*Asks:* 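My questions will all concern the structure given below.
Just so you know, residue 1 is the first one in the sequence shown, and it goes up from there. Everything numeric here is computed off the predicted structure, so don't read it as measured data. When reading the values below, keep in mind they use all heavy atoms of this one structure, side chains included, and skip hydrogens, waters and symmetry mates.
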Amino acid sequence: MKFSYVAIGGGITGVETTIELVRSILKKYKKNALKQKLSIAIIDKNPENIPGGIAYGFKMSKYGYFNNPIRLSPKNFQDWISDIKIKNKIISYLKTNGGHTGYNWIKKNKKTLFSKNKKNLEELYVPRAISNAWMEEKLVSLLNQIKKQKLFCEIKFFKGEAINIQVEKNGIKNIVFKNNICKELNYNIKKSSFKKMNFFEGKKIKSIKTHILSIGIGLPPPKQLADKNAQKNQNYIWDFYTEGSTSKLINLISSFPPKKKILVYFIGYKAGLLEALPELEQVIKKKRLNIKLICSSKNLVSIQKAQISQNKNKYKLFFLNQKKLKNIKKAKQIVEFLDEEFNLAVKKGFNKYDVWSLILKKNILHKCLVNLDKKQQGIYNSTYHNKIRNLTRFTYPETILARENLSRKNILISNRENVKKVEYKSKKLLVKTVNNLNIKKNYLCEIVVNVSGPLNVESLEREIPLVNNLKINGAKVNSGGFIVNNHFEIKGLKNIFTSGILARGFNPERKTIFSAILKNSLLVGKNIAKVLIKRKKF
């Protein structure tokens, strides 16, 4: 089967790019003038990820919340949440799927959610899966438009794991699937359901080809530290988000006898660990589990709490105010001024998040970056962007609170040590570690969760075959990801785009990842439309 455009990955990247592509084509051609069929394929190895992907899907992000409040979300997403019907759906979703943390969220935030004053919503942290419902509504609307207006356009969905892209002499890309298995997906749409699209497998497809495609396959996995026997063990979670996240961990814990002593080892101390803790804390409390949690990293530096201070006054930027931004000509200055701004805020009784929230609201990083020449922008992307990222990692406050509570009760133990290997021994998982003093220690655990953070694209090989094969086929990469041009086309591979986490510099302004991916995908969709229009052949 040949298509005008193919999206590998049915998450935010694939769906938003598709929506914008169709919209841009229809702006150029009236529906009656669109004589060639615009055919689109959206492929995902797990149909449940359509259209939220791993990070925002109903199943995978069941207990996950946005790291930032609503006011830092895209404007149209904020407007959507303000609708009373959506507010009711949020409550209904949390009652059904939100677990103990969802119940607590309703108890704490329901009054604010239904406030008639829109400003009261600004500081709410909402479940990530809500964005799935928003994306799904947009996708369903497009599918209905195509059907009702009888547009010469079709969007088909497929289940399969793309592992390679073979480029033929004429520029056509042939997508190779794991075990040569790809199946067309049929679907139905429920009008009243929160999750509207339900997919079911259809006929097997021999091949899928296209001239143009985008890749949005989510967050790369962490480094594999387990031996082959440990990898096969059901109680070892290597790729936390892809394998089911908090839901899977809680199901594993629940599979043990109620009074059995359980040791769970988290390899890592940041996002993955924090995401699991609010719901896990409640499960431990409600079921009175005999459990010990150990987490580790080489420095125990974690993500900060995304919480505005109780200071009656509002913080005003000093080092990064409008007057001083024009003086920033070097990438290094941005980091230096940001660090000084944080220190000044703390001295004045504010939280660092007061500063960061203001920087995001006023688009300060964007204003800094436009002052840099190309050389300094390159230095920023290669060196200072990551430093700024480490300074400005903030998260949903409830996750930090849960960590503090569990630590205070001595249920969670945090160790400064590196995990060298995970082995299967005596029907348990053996974690081998070494600390900064080169002292070795072993832990015999019931469950091990690897949340050590994603590998960079340059290091990925067997973990994601598609990424490795793209590199072999000529894609330009560095530790920051695939090197892309201004339209997010991968350098070295014509008409192959990636606008999300896999792209180097996909979010230079450190906006919320959700906002950055949406913005980038819009750009890709418009550019692909231009390419198709220029070719005069879909």
*Asks:* One thing to verify: whether E201 and K183 come together as a salt bridge, which I'm taking to mean a side-chain N less than 4.0 angstrom from a carboxylate O.
*Replies:*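 Counted as a salt bridge, because a side-chain N and a carboxylate O are separated by less than 4.0 Å.
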*Asks:* Between the side chains of Y93 and N132, is a donor N or O closer than 3.5 angstrom to an acceptor N or O?
*Replies:*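 Distance-only check fails for Y93 and N132.
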*Asks:* Take T498 and F488 through the test side-chain contact (heavy atoms from CB on, under 4.5 Å) and record every step on the way to the result.
*Replies:* CA-CA 6 Å; T498 187; F488 292 95; 6.0 Å; no
*Asks:* When you measure from the side chain of N450 to the backbone N and O of K223, does any donor-acceptor pair fall under 3.5 Å?
*Replies:*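 Looks like yes, one N/O pair under 3.5 Å.
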*Asks:* Is a side-chain N or O of D227 found less than 3.5 angstrom from the main chain of A230, in a donor-acceptor match?
*Replies:*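 Side chain of D227 to backbone of A230, a donor-acceptor pair under 3.5 Å: yes, one is there.
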*Asks:* State plainly whether the residues K108 and E398 are in salt-bridge range, i.e. N to O under 4.0 Å.
*Replies:*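 A salt bridge links K108 with E398.
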*Asks:* For N456 versus S479, what's the shortest heavy-atom pair and its separation?
*Replies:*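 Closest pair (atom of N456, atom of S479, distance): CB-O, 3.0 Å.
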*Asks:* Counting C-beta onward and ignoring hydrogens, is there a side-chain heavy-atom pair between R403 and L274 closer than 4.5 Å?
*Replies:*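 The answer is yes; the side chains approach within 4.5 Å.
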*Asks:* When I267 is tested against each of V451, T433, V448 for side chain to side chain contact (heavy atoms under 4.5 Å, CB included), which residue passes?
*Replies:*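 The side chain to side chain contact (heavy atoms under 4.5 Å, CB included) with I267 is passed solely by V448 among V451, T433, V448.
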*Asks:* Quick check against the 3.5 Å criterion: does S92 have a side-chain atom that pairs as donor or acceptor with the backbone of N88?
*Replies:*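 Between the backbone of N88 and the side chain of S92 there is no qualifying donor-acceptor contact (under 3.5 Å).
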*Asks:* Is it true that atom NZ of K270 has more than 12 heavy atoms of other residues, nucleotides or ligands lying nearer than 6.0 Å?
*Replies:*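 Correct, the count exceeds 12.
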*Asks:* For residues G14 and T18, report the shortest heavy-atom separation together with the two atoms involved.
*Replies:*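 Shortest heavy-atom contact: O-OG1, 2.8 Å.
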*Asks:* Mark yes or no for whether Q78, through its side chain, and S73, through its backbone, hold a donor-acceptor pair below 3.5 Å.
*Replies:*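 Yes, because the side chain of Q78 sits within donor-acceptor range (under 3.5 Å) of the backbone of S73.
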*Asks:* Heavy atoms only: give me the nearest P258-L289 pair and the separation to one decimal.
*Replies:*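 Taking P258 first and L289 second, the nearest heavy atoms are O-CD2, 4.2 Å.
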*Asks:* Could you grab the distance from atom CD1 of I43 to atom CD1 of I217, nearest 0.5 Å is fine?
*Replies:*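 These two atoms lie 12.0 Å from each other.
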*Asks:* In plain terms, say whether K138 and E16 are close enough for a salt bridge, that is, a side-chain N and a carboxylate O under 4.0 Å apart.
*Replies:*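 Between E16 and K138 there is a salt bridge, with a charged N closer than 4.0 Å to a carboxylate O.
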*Asks:* How far apart are the closest heavy atoms of S131 and F514, and which atoms are they?
*Replies:*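 For S131 versus F514, the nearest heavy atoms are CB-CZ, 3.5 Å.
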*Asks:* Does any non-hydrogen side-chain atom of T392 lie less than 4.5 Å from one of L338?
*Replies:*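 When only atoms from C-beta onward are counted, T392 and L338 do touch, with a gap below 4.5 Å.
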*Asks:* Look at the side chain of N351 and the backbone N and O of Y353, then say whether any donor-acceptor pair between them is shorter than 3.5 Å.
*Replies:*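 The answer is no, because no donor-acceptor pair under 3.5 Å joins these two groups.
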*Asks:* Side-chain contact test, heavy atoms from C-beta onward, threshold under 4.5 Å: evaluate it for Y380 versus I334 and give yes or no.
*Replies:*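 Contact flag for Y380/I334 side chains = yes.
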*Asks:* Would the distance check show the side chain of E243 and the main-chain N or O of D239 forming a donor-acceptor pair, the cut-off being under 3.5 Å?
*Replies:*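 Flag set: sc E243 to bb D239 pair under 3.5 Å.
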*Asks:* Examine the side chains of S499 and S521 and answer whether a donor and an acceptor come within less than 3.5 Å of each other.
*Replies:*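 Yes, a side-chain donor-acceptor pair sits under 3.5 Å.
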*Asks:* Is there a donor-acceptor pair under 3.5 Å between the side chain of S297 and the backbone N or O of Y269?
*Replies:*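 Absent.
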*Asks:* Go through I175 and I163 one step at a time and tell me if the side-chain contact (heavy atoms from CB on, under 4.5 Å) criterion holds.
*Replies:* CA-CA 8 Å; I175 300 168; I163 59 172; over 6 Å; no
*Asks:* Has the side chain of W238 got a donor or acceptor atom that lies under 3.5 Å from a matching backbone atom of P222?
*Replies:*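 Indeed, once roles are kept as given, a pair shorter than 3.5 Å links the two residues.
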*Asks:* Cut-off 3.5 Å, side chains only: do E137 and W80 have a donor facing an acceptor?
*Replies:*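 Short answer, yes.
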*Asks:* Do the side chains of E275 and K62 get close enough for a salt bridge, i.e. N-O under 4.0 angstrom?
*Replies:*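 No, this pair does not count.
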*Asks:* Taking side chain to side chain contact (heavy atoms under 4.5 Å, CB included) as the criterion, tell me which of L263, I262, I411 meets it with K292.
*Replies:*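 Only one of L263, I262, I411 forms a side chain to side chain contact (heavy atoms under 4.5 Å, CB included) with K292, namely L263.
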*Asks:* Between L293, I237, I294, L280, which is the residue that forms a side chain to side chain contact (heavy atoms under 4.5 Å, CB included) with V264?
*Replies:*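 When side chain to side chain contact (heavy atoms under 4.5 Å, CB included) is applied between V264 and each of L293, I237, I294, L280, only L293 qualifies.
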*Asks:* Does the side chain of F497 come within less than 4.5 Å of L523's, by heavy atoms?
*Replies:*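 The answer is no, as the side chains (C-beta and beyond) never meet within the 4.5 Å cut-off.
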*Asks:* For the residue pair D354 / S309, report whether a side-chain donor-acceptor contact shorter than 3.5 Å exists.
*Replies:*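 Indeed, the side chains of S309 and D354 share at least one donor-acceptor pair under 3.5 Å.
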*Asks:* Which heavy-atom pair separates L360 from E509 by the least distance, and what is that distance?
*Replies:*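 Between these two residues, the closest heavy atoms are CD2-O, 4.2 Å.
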*Asks:* Kindly indicate, with the supporting measurements, whether the criterion side-chain contact (heavy atoms from CB on, under 4.5 Å) is fulfilled by Y396 and F66.
*Replies:* CA-CA 7 Å; Y396 180 42; F66 279 104; over 6 Å; no
*Asks:* Under a plain distance cut-off of 3.5 Å, with no hydrogens placed, do E446 and Y265 share a side-chain donor-acceptor pair?
*Replies:*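 No.
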*Asks:* Between N120 and S115, does any side-chain donor sit less than 3.5 Å from a side-chain acceptor?
*Replies:*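 There is such a pair (donor and acceptor under 3.5 Å, judged by atom type) between the side chains of N120 and S115.
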*Asks:* Any side-chain donor paired with an acceptor under 3.5 Å for S357 and R71?
*Replies:*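 Yes, a side-chain donor-acceptor pair sits under 3.5 Å.
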*Asks:* So does D79 pair up with K118, basic N to acidic O under 4.0 Å?
*Replies:*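 Yes, this pair counts.
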*Asks:* With the side chain counted from C-beta on, respond yes when K87 and L121 share a heavy-atom pair under 4.5 Å apart, and no when they do not.
*Replies:*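 Touching, per the 4.5 Å side-chain cut-off.
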*Asks:* E279 and S247: side-chain contact (heavy atoms from CB on, under 4.5 Å), yes or no, with the steps?
*Replies:* CA-CA 9 Å; E279 185 66 17; S247 295; over 6 Å; no
*Asks:* Side chain of R504, backbone of N381: donor and acceptor closer than 3.5 Å?
*Replies:*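 Not at all, since once roles are kept as given, no pair shorter than 3.5 Å links the two residues.
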*Asks:* Pick one: which of L430, V422, L429, N415 meets side chain to side chain contact (heavy atoms under 4.5 Å, CB included) with Y443?
*Replies:*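 The option that passes is N415.
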*Asks:* Would Y65 and T395 count as having a side-chain donor-acceptor pair, cut-off 3.5 Å?
*Replies:*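 Result is no, nothing qualifies.
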*Asks:* Have N109 and T112 got a donor and an acceptor in their side chains that come within less than 3.5 Å?
*Replies:*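 There is no such pair between these side chains.
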*Asks:* Which heavy atom of N67 sits nearest a heavy atom of A306, and at what distance?
*Replies:*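 Minimum heavy-atom contact is O-CB, 3.5 Å.
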*Asks:* If the threshold is 4.0 Å, N to carboxylate O, is there a salt bridge linking E122 and K119?
*Replies:*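 Salt bridge between E122 and K119, a charged N being under 4.0 Å from a carboxylate O: no.
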*Asks:* Please answer whether the main-chain N or O of A226 pairs with a side-chain N or O of Q224 as donor and acceptor at a distance below 3.5 Å.
*Replies:*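 Yes, because the side chain of Q224 sits within donor-acceptor range (under 3.5 Å) of the backbone of A226.
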